[in-house]
Amino acid sequence: MLRIYAPASSANISVGFDTLGAAISPVDGSLLGDVIQIEDCATQFEFEAVGYFVRKLPKEPQKNIVYQAYVLFSERLKLRNKQVKPLCLTLEKNMPIGSGLGSSACSIVAALVALNQFHQEPFSDMELLEMMGELEGRISGSIHYDNVAPCYMGGVQFMVQSLGSICQRLPFFDHWYWVLAYPGIEVSTAEARAILPKSYTRQDVISHGRYLGGFVHACHTQQENLAAIMMKDVIAEPYRQQLLPNFAEVKQAAQDLGALATGISGSGPTMFSIAPDLMVATKVADYLEKHYLQNNEGFVHICKVDNQGARQLG
Ligand SMILES: Nc1ncnc2c1ncn2[C@@H]1O[C@H](COP(=O)(O)OP(=O)(O)OP(=O)(O)O)[C@@H](O)[C@H]1O
Ligand SMILES: N[C@@H](CCO)C(=O)O
């Protein structure tokens with residue numbers, strides 16, 4: 001029996017809409033992600049979805065993105081004149097849906113990594129990642145790799161999408177803490193994309209180029225103050241913040257408590273704050289727990305970048 005865990009991810013990191021993403025894990029060692037289990041089966045294919053958030057998923061198995069991952073994997077294998085083996089596949093759906101934590105990416109990545117391992121790895125990393133992007137695109141309406149890439153490969157990934165690479169790892173600041181606060185409400189990625197403008201002013205384009213270029217430069221030269229200052233979002237945050245409860249006020253409070261940067265995780269409603277040390281992280285986490293959560297489904301985790309990405313459990 002094979003069990004694959006795929007971690008939560010925070011896409012965009014404010015400054016890299018659709019081009020930057022980080023894999024994330026809580027520092028207390030808890031698992032924040034989905035798990036796929038695969039085992040030999042008497043019938044050709046059996047699929048089951050279990051876990052706390054399974055009740056929020058479509059009832060029809062064909063609509064589950066994990067089922068679709070199996071179909072896509074089988075089709076691609078057939079193109080190589082190979083057959084998928086009989087298997088029983090179980091999804092443990094631990095991630096809230098429409099959270100901004102890459103919930104669909106967790107399911108897609110865990111499923112494809114498990115299927116690939118179960119078949120003695122017929123596909124390369126980039127071939128698998130291309131399939132992951134295709135499945136993610138079915139959900140959000142357009143292909144973007146900024147959740148699936150870090151979730152699969154770990155670390156902070158920059159989407160180069162050139163010269164045979166979909167993404168490359170960016171050096172980051174290992175001592176930074178990420179405080180992630182999920183308020184417990186749902187924001188659909190497709191809807192959060194639909195409200196963005198179709199075009200931007202020249203001034204926004206110049207600012208975006210300066211911030212993203214400055215951020216990548218600061219990561220490579222390990223200038224953490226510059227990196228934090230460059231984490232500004234002119235593409236999505238001005239339009240999406242209305243979807244998040246009291247975002248502007250809460251962001252200001254996190255900055256006042258010592259956060260280096262605060263923004264929307266992916267398409268929201270989770271927000272993230274970067275803290276330079278555990279003391280600031282704990283203060284920000286306490287504040288967000290009291291002022292950002294909307295119901296008892298919400299949670300706050302103090303995290304670090306997960307450098308491993310998807311992995312086998314046990
Ligand atoms: N296994 C699955 N996990 C998550 N969502 C799924 C899954 N299967 C199907 N879906 C559907 O995909 C959509 C996921 O929505 P959305 O992309 O907004 O969520 P998300 O992946 O959590 O977002 P984000 O990437 O911002 O964290 C929902 O309509 C959900 O029903
Ligand atoms: N880059 C995507 C991530 C979605 O999680 C967006 O912001 O729409």
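Both ligands and their constituent atoms are indexed starting at 1 by order of listing. Bear in mind the structure is a predicted one, so any value in this text is a computation, not a measurement.
Residue contacts with ligand 1, taken as heavy atom pairs separated by less than 4.0 Å, involve Ile65 via backbone and side-chain atoms alike. Residue contacts with ligand 1 for Lys93 involve side-chain atoms from C-beta outward but no N, CA, C or O (heavy atoms, distance under 4.0 Å). At a heavy-atom cutoff of 4.0 Å, ligand 1 is contacted by the side chain of Ser107 but not by its backbone. At a heavy-atom distance under 4.0 Å, only backbone atoms of Val187 (N, CA, C or O) approach ligand 1. Heavy atoms of Leu101 found under 4.0 angstrom from ligand 1 belong exclusively to the backbone.
Side-chain contact between Glu46 and Glu48: absent, with no pair of heavy atoms (C-beta onward) separated by less than 4.5 Å. A 4.5 Å side-chain heavy-atom check between Tyr145 and Tyr152 finds every atom pair outside the cut-off. You'll find the side chain of Cys106 stays beyond 4.5 Å of the side chain of Pro7, heavy atoms only. Within the 4.5 Å cutoff, the side chain of Leu89 has heavy atoms near those of the Phe45 side chain. Contact check for Ile24 versus Asp306: no side-chain heavy atoms found under the 4.5 Å cut-off. When side chains are defined from C-beta on, Ile274 counts as touching Trp178, because their heavy atoms get closer than 4.5 Å. The shortest distance between side-chain heavy atoms of Asn246 and His291 does not fall below 4.5 Å.
In the candidate list His144, Lys63, Glu136, Lys63 is nearest to atom 9 (C) of ligand 1, counting heavy atoms.
Listed by number with element, the atoms of ligand 1 under 4.0 Å from a non-hydrogen atom of Leu91 are 1 (N). In the vicinity of Arg240, heavy-atom distances shorter than 4.0 Å reach the ligand 2 atoms 6 (C), 7 (O), 8 (O). In summary, the atoms of ligand 2 found under 4.0 Å from a heavy atom of Ala11, numbered by their order in the structure, are 3 (C). Near His144, meaning under 4.0 Å from any of its heavy atoms, are these atoms of ligand 2: 2 (C), 3 (C), 4 (C). For ligand 1, the atoms lying closer than 4.0 Å to a non-hydrogen atom of Ser103 are 4 (C), 20 (P), 21 (O), 22 (O), 27 (O). Residue-ligand proximity, Thr189 to ligand 2, at heavy-atom distances under 4.0 Å covers atoms 4 (C). Per-residue contacts place Ser188 under 4.0 angstrom from the following atoms of ligand 1 (heavy atoms of the residue considered): 18 (O). When each atom of ligand 2 is checked for a heavy atom of Asp18 under 4.0 Å away, the hits are 1 (N), 2 (C), 6 (C). Which parts of ligand 1 touch Gly100 is read off a 4.0 Å heavy-atom cut-off, strictly below it: atoms 24 (P), 26 (O), 27 (O).
Atoms CE and CG, on Met159 and Asp146 in that order, are 5.5 Å from each other to the nearest 0.5 Å. A distance of 6.5 Å separates CD of Gln37 from CD of Glu92, quoted to the nearest 0.5 Å. Atom CE of Met131 and atom CG of Asn116 lie 7.0 Å apart (nearest 0.5 Å).
Nearest protein heavy-atom contact of atom 5 (O) of ligand 2 is Asn147 OD1, 2.9 Å. Closest to atom 31 (O) of ligand 1 among all protein heavy atoms lies Pro58 CD, 3.3 Å. Nearest protein heavy-atom neighbour of atom 6 (C) of ligand 2: Arg193 NH1, 3.2 Å. Protein heavy atom in closest approach to atom 5 (N) of ligand 1: Leu57 CD2, 3.7 Å. Atom 30 (C) of ligand 1 has its closest protein heavy atom at Ile97 CG2, 3.8 Å. Nearest protein heavy-atom neighbour of atom 14 (C) of ligand 1: Ile139 CG2, 3.6 Å. Summary of contacts: the protein heavy atom closest to atom 21 (O) of ligand 1 is Ser104 OG, 2.5 Å. Looking from atom 19 (O) of ligand 1 to the surrounding protein, the closest heavy atom is Gly98 N, 3.1 Å. The protein heavy-atom contact nearest to atom 24 (P) of ligand 1 is Thr189 OG1, 3.6 Å. Scanning the protein for heavy atoms near atom 25 (O) of ligand 1, the closest one is Asn147 OD1, 3.4 Å.
At a 4.0 Å cut-off, at least one heavy atom of Ser267 sits close enough to ligand 2 to count as contact. Heavy-atom separations between Ser140 and ligand 1 are all 4.0 Å or longer.
Judged as a disulfide bond (SG atoms under 2.5 Å apart), not a single pair has a partner in residues 276-314 (not counting sequence neighbours).
Between Phe47 and Tyr70, the distance separating the two ring centers is not shorter than 6.0 angstrom. Taking the ring centroids of Phe158 and Phe215, they lie at or beyond the 6.0 Å cut-off. Taking the six-membered ring where the residue is Trp, the centroids of Phe73 and His119 are separated by under 6.0 Å.
In this structure, atom 1 (N) of ligand 1 has a protein heavy-atom contact shorter than 4.0 Å.
Geometrically, Arg55 engages Tyr52 in a cation-pi contact, judged by NZ or CZ lying under 6.0 Å from the ring centre and within 45° of the ring axis.
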* Check against disulfide (SG to SG under 2.5 Å), Cys41 and Cys88 -> CA-CA 5 Å; Cys41 205; Cys88 288; 2.2 Å; yes
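In the model, Ser142 has a side-chain atom that pairs as donor or acceptor with a side-chain atom of Arg193 under 3.5 Å.
Considering backbone and side-chain N/O of Asp146, one or more are found under 3.5 Å from N/O of ligand 2. Between Ser267 and ligand 1, at least one pair of N/O atoms sits closer than 3.5 Å.
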